[in-house]
Student: 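Input: one structure, supplied below.
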Amino acid sequence: MANAPTSWGKDLGRISALWGGAIAIAAVWIILDHRPPAWDQAEHLSLSMNFWWTLTHSPWWTADGWRHLWMLTPKYPPVLYLVTAGVHTLWGPGPDIAIVANALFALILLVATYGTGRHLFSSQIGLLAVGLTLLMPRLIKISLDFQLDYALTALVLVSFWCLTVWREAASPRRQWLWGAAFGLSYGLALMTKQSALLFLLVPLLWVVLTALWRRRWGRGTRRRSRAWRR
């Protein structure tokens, strides 16, 4: 007999414990590493500091201030810098403090990994995927650098999770909720780095083409129409 799936609350506790252990190891590495940030990291750090200064030292809520805030970074979208500005507000400015933003996105990444694995397979597979994610060398490396890639990875995976659940949702309410969650997460991913469009292009095309092929405009509508014909 297959093992019964554990509750979300219990598994979230386990994920939080794994996340805390990974953050502790990363903190030790950051304390021991005294190298100055490389050029890319320094550029992103400067942009996040500009957002922090603007949000804390200028009337950004006015029309001119709001316009200035959105024009601070003409090259990159602002989501990571806004999150990091909040981190600087709480713990102060600095290159090591900026990497705390990656810790927040790490928790998002682990929850989305677990949610996708749990939905497609089982809670045990979801937890196994979380463990493998923490051990992936490439993810470990980018999590210790202050760049856009780690935040982008987390938000793209959240978008994929929401899209997957939405596609298989049975009730109209779940369809609307997960569809709204997908729109929000995908918008945030695009506002982190424009290449998010490429990473989800194939899943989006698959969903659209499947809907066109099967003419599944709305599951609830189809069920109501069949009941009316009977």
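Below, all heavy atoms of this structure are taken into account, side chains as well, without hydrogens, waters or symmetry copies.
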Student: Within the structure provided, determine whether Arg67 and Thr62 are in side-chain contact (heavy-atom separation under 4.5 Å).
Tutor: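 No - every pair of side-chain heavy atoms lies 4.5 Å or more apart.
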
Student: What are the two closest non-hydrogen atoms of Ala170 and Gln175, and how far apart are they?
Tutor: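 In terms of heavy atoms, the two residues are closest at O-NE2, 3.8 Å.
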
Student: Can you tell if the side chain of Asn50 reaches within under 4.5 Å of the side chain of Tyr81, non-hydrogen atoms only?
Tutor: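 Asn50 does not reach Tyr81 side chain to side chain.
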
Student: For residues Ile99 and Phe146, report the shortest heavy-atom separation together with the two atoms involved.
Tutor: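 Result for this residue pair: CG1-CB, 4.4 Å.
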
Student: Check whether Ser7 reaches the backbone of Lys10 with its side chain - one donor and one acceptor, N or O, closer than 3.5 Å.
Tutor: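 Indeed, once roles are kept as given, a pair shorter than 3.5 Å links the two residues.
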
Student: Treat each ILVMFWY residue as a node, draw an edge where side-chain heavy atoms are under 4.5 Å apart, and state whether Ile97 and Leu144 are in one component.
Tutor: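 Yes; tracing contacts between hydrophobic side chains, which count when under 4.5 Å, links both residues.
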
Student: Under the ring pair (Phe, Tyr, Trp, His ring centres under 6.0 Å) test, which residues partner Trp66, sequence neighbours left out?
Tutor: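 If we apply the ring pair (Phe, Tyr, Trp, His ring centres under 6.0 Å) test to Trp66, skipping adjacent residues, the hits are Trp70.
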
Student: Centres of the His44 and Tyr76 rings: under 6.0 Å?
Tutor: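 Between Tyr76 and His44, which both carry aromatic rings, the centre distance is below 6.0 Å.
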
Student: Decide yes or no for Thr116 and Phe160: does some side-chain heavy atom of the first lie under 4.5 Å from some side-chain heavy atom of the second?
Tutor: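 Yes, their side chains come closer than 4.5 Å.
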
Student: Could you tell me whether the side chain of Leu72 reaches within less than 4.5 Å of the side chain of Pro78, counting heavy atoms only?
Tutor: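 Sidechains of Leu72 and Pro78: no contact.
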
Student: Any pair with a residue in residues 145-157 that passes side chain to side chain donor-acceptor pair (under 3.5 Å), sequence neighbours left out, goes on the list, sorted by first then second residue, please.
Tutor: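 Sorted pair list: Gln41-Asp145, Asp149-Lys193.
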
Student: Do Leu200 and Val156 make a side-chain contact, defined as non-hydrogen atoms from C-beta onward lying under 4.5 Å apart?
Tutor: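 Yes, side chains in contact.
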
Student: Count the heavy atoms belonging to other residues, nucleotides or ligands that lie under 6.0 Å from CH2 of Trp29, then report whether that count exceeds 12.
Tutor: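 Correct, the count exceeds 12.
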
Student: Hey, is the main chain of Ala103 close enough, under 3.5 Å, to the side chain of Trp19 for a donor-acceptor pair?
Tutor: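 Checked: pair present.
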
Student: Can you confirm whether Leu104 sits close enough to Val87 that some side-chain heavy atom of one is under 4.5 Å from a side-chain heavy atom of the other?
Tutor: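 The answer is yes, as the side chains (C-beta and beyond) meet within the 4.5 Å cut-off.
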
Student: Among the clusters formed by ILVMFWY side chains lying less than 4.5 Å apart, do Leu127 and Leu18 turn up in the same one?
Tutor: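 Yes, because Leu127 and Leu18 connect within a single hydrophobic cluster, where side-chain heavy atoms sit under 4.5 Å apart.
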
Student: Is there any salt bridge (charged side-chain N to carboxylate O under 4.0 Å, His left out) pair reaching into residues 19-34, and which pairs are they, with sequence neighbours excluded?
Tutor: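 Listed by first then second residue: Asp33-Arg35.
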
Student: So which atom in Ala189 and which in Ser159 form the shortest heavy-atom distance, rounded to 0.1 Å?
Tutor: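 That closest heavy-atom pairing would be CB-OG, 4.4 Å.
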
Student: Going by the rule ring pair (Phe, Tyr, Trp, His ring centres under 6.0 Å), which residues pair with Trp8 if we only count those two or more places apart in sequence or in a different chain?
Tutor: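 Trp8: ring pair (Phe, Tyr, Trp, His ring centres under 6.0 Å) contacts with Tyr114.
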
Student: Tell me whether Val158 is reachable from Met136 by hopping between hydrophobic residues (I, L, V, M, F, W, Y) whose side-chain heavy atoms are closer than 4.5 Å.
Tutor: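 In one cluster: yes.
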
Student: Walk me through whether Arg14 and Asp11 qualify under salt bridge (charged side-chain N to carboxylate O under 4.0 Å, His left out).
Tutor: CA-CA 5 Å; Arg14 295 169 178 170; Asp11 283 346; 3.2 Å; yes

Student: For Val79 and Leu188, work out which heavy atoms get closest and say how close.
Tutor: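 Looking at all heavy atoms of both residues, the closest pair is CG2-O, 3.8 Å.
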
Student: Mind checking ring pair (Phe, Tyr, Trp, His ring centres under 6.0 Å) for Trp91 and listing every partner two or more places apart, or none if nothing turns up?
Tutor: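 Ring pair (Phe, Tyr, Trp, His ring centres under 6.0 Å) list for Trp91, sorted by chain: empty.
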
Student: Give a yes or no answer on whether the side chain of Ser143 reaches the backbone of Ile140 with a donor-acceptor pair at less than 3.5 Å.
Tutor: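 Judged by distance alone, yes, a pair lies under 3.5 Å.
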
Student: When rounded to the nearest 0.5 angstrom, what is the spacing between CZ in Phe51 and CG in Leu82?
Tutor: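 CG of Leu82 is found 5.0 Å from CZ of Phe51.
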
Student: Evaluate Tyr186 against Leu197 for side chain to side chain contact (heavy atoms under 4.5 Å, CB included), listing each step before the verdict.
Tutor: CA-CA 9 Å; Tyr186 194 37; Leu197 177 64; 3.3 Å; yes

Student: Does Phe199 share a hydrophobic cluster with Val202, counting links as ILVMFWY side-chain heavy atoms below 4.5 Å and allowing steps through other members?
Tutor: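 In one cluster with Phe199: Val202, no.
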
Student: CD1 of Ile15 to CG of Leu109: how many Å apart, nearest 0.5 Å?
Tutor: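 Ile15 atom CD1 to Leu109 atom CG measures 10.5 Å (nearest 0.5 Å).
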
Student: How far apart are the C-alpha atoms of Trp161 and Thr113, what are their side-chain angles, what is the distance that settles it, and do they pass the side chain to side chain contact (heavy atoms under 4.5 Å, CB included) test?
Tutor: CA-CA 8 Å; Trp161 174 33; Thr113 300; over 6 Å; no

Student: Could you check, using the six-membered ring where one of them is a Trp, whether Trp166 and Trp176 have ring centers closer than 6.0 angstrom?
Tutor: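 Here the rings of Trp176 and Trp166 have centres that are no less than 6.0 Å from each other.
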
Student: Supply the atom-to-atom distance Ile23 CD1 to Ser16 OG, rounded to the nearest 0.5 angstrom.
Tutor: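 Rounded to the nearest 0.5 Å, the CD1-OG separation comes out at 11.0 Å.
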
Student: Are Leu157 and Leu184 in one and the same hydrophobic cluster, where Ile, Leu, Val, Met, Phe, Trp and Tyr link if side-chain heavy atoms are under 4.5 Å apart?
Tutor: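 Both belong to a single hydrophobic cluster.
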
Student: Looking at side-chain heavy atoms only, is the closest gap between Trp39 and Glu43 below 4.5 Å?
Tutor: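 They are in contact (side-chain heavy atoms under 4.5 Å apart), so the answer is yes.
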
Student: Distance from Trp61 atom CH2 to Leu55 atom CG, nearest 0.5 Å?
Tutor: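 It comes to 10.0 Å.
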
Student: Are any of the side-chain heavy atoms of Arg167 and Trp206 separated by less than 4.5 Å?
Tutor: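 Yes; the side chains approach each other to less than 4.5 Å.
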
Student: Working note: His88 + Leu45, criterion side chain to side chain contact (heavy atoms under 4.5 Å, CB included); need CA distance, chi angles, decisive distance, verdict.
Tutor: CA-CA 11 Å; His88 288 317; Leu45 177 62; 4.2 Å; yes

Student: Over all heavy atoms of both residues, which pair between Arg118 and Ser123 is shortest? Give the atoms and the distance, please.
Tutor: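 Shortest heavy-atom contact: NH1-CB, 3.4 Å.
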
Student: Quick one: closest heavy-atom pair of Cys162 and Trp178, and the distance?
Tutor: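 Distance-wise, the nearest heavy atoms are CA-CE3, 3.7 Å.
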
Student: If hydrophobic residues (ILVMFWY) are linked whenever their side-chain heavy atoms come closer than 4.5 Å, directly or via other members, who joins Ile125 in its cluster?
Tutor: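 Via sub-4.5 Å side-chain contacts, Ile125 links to Leu120, Phe121.
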
Student: Working to the nearest 0.5 Å, report the span between CG of Asn102 and CG of Leu107.
Tutor: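 Between Asn102 CG and Leu107 CG, I get 13.0 Å after rounding to 0.5 Å.
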
Student: Can the ring centres of His57 and Trp52 be said to be less than 6.0 Å apart?
Tutor: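 Yes.
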
Student: Nearest 0.5 Å, please: how far is OG1 in Thr192 from CG in Leu152?
Tutor: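 Output value for this atom pair is 6.5 Å.
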
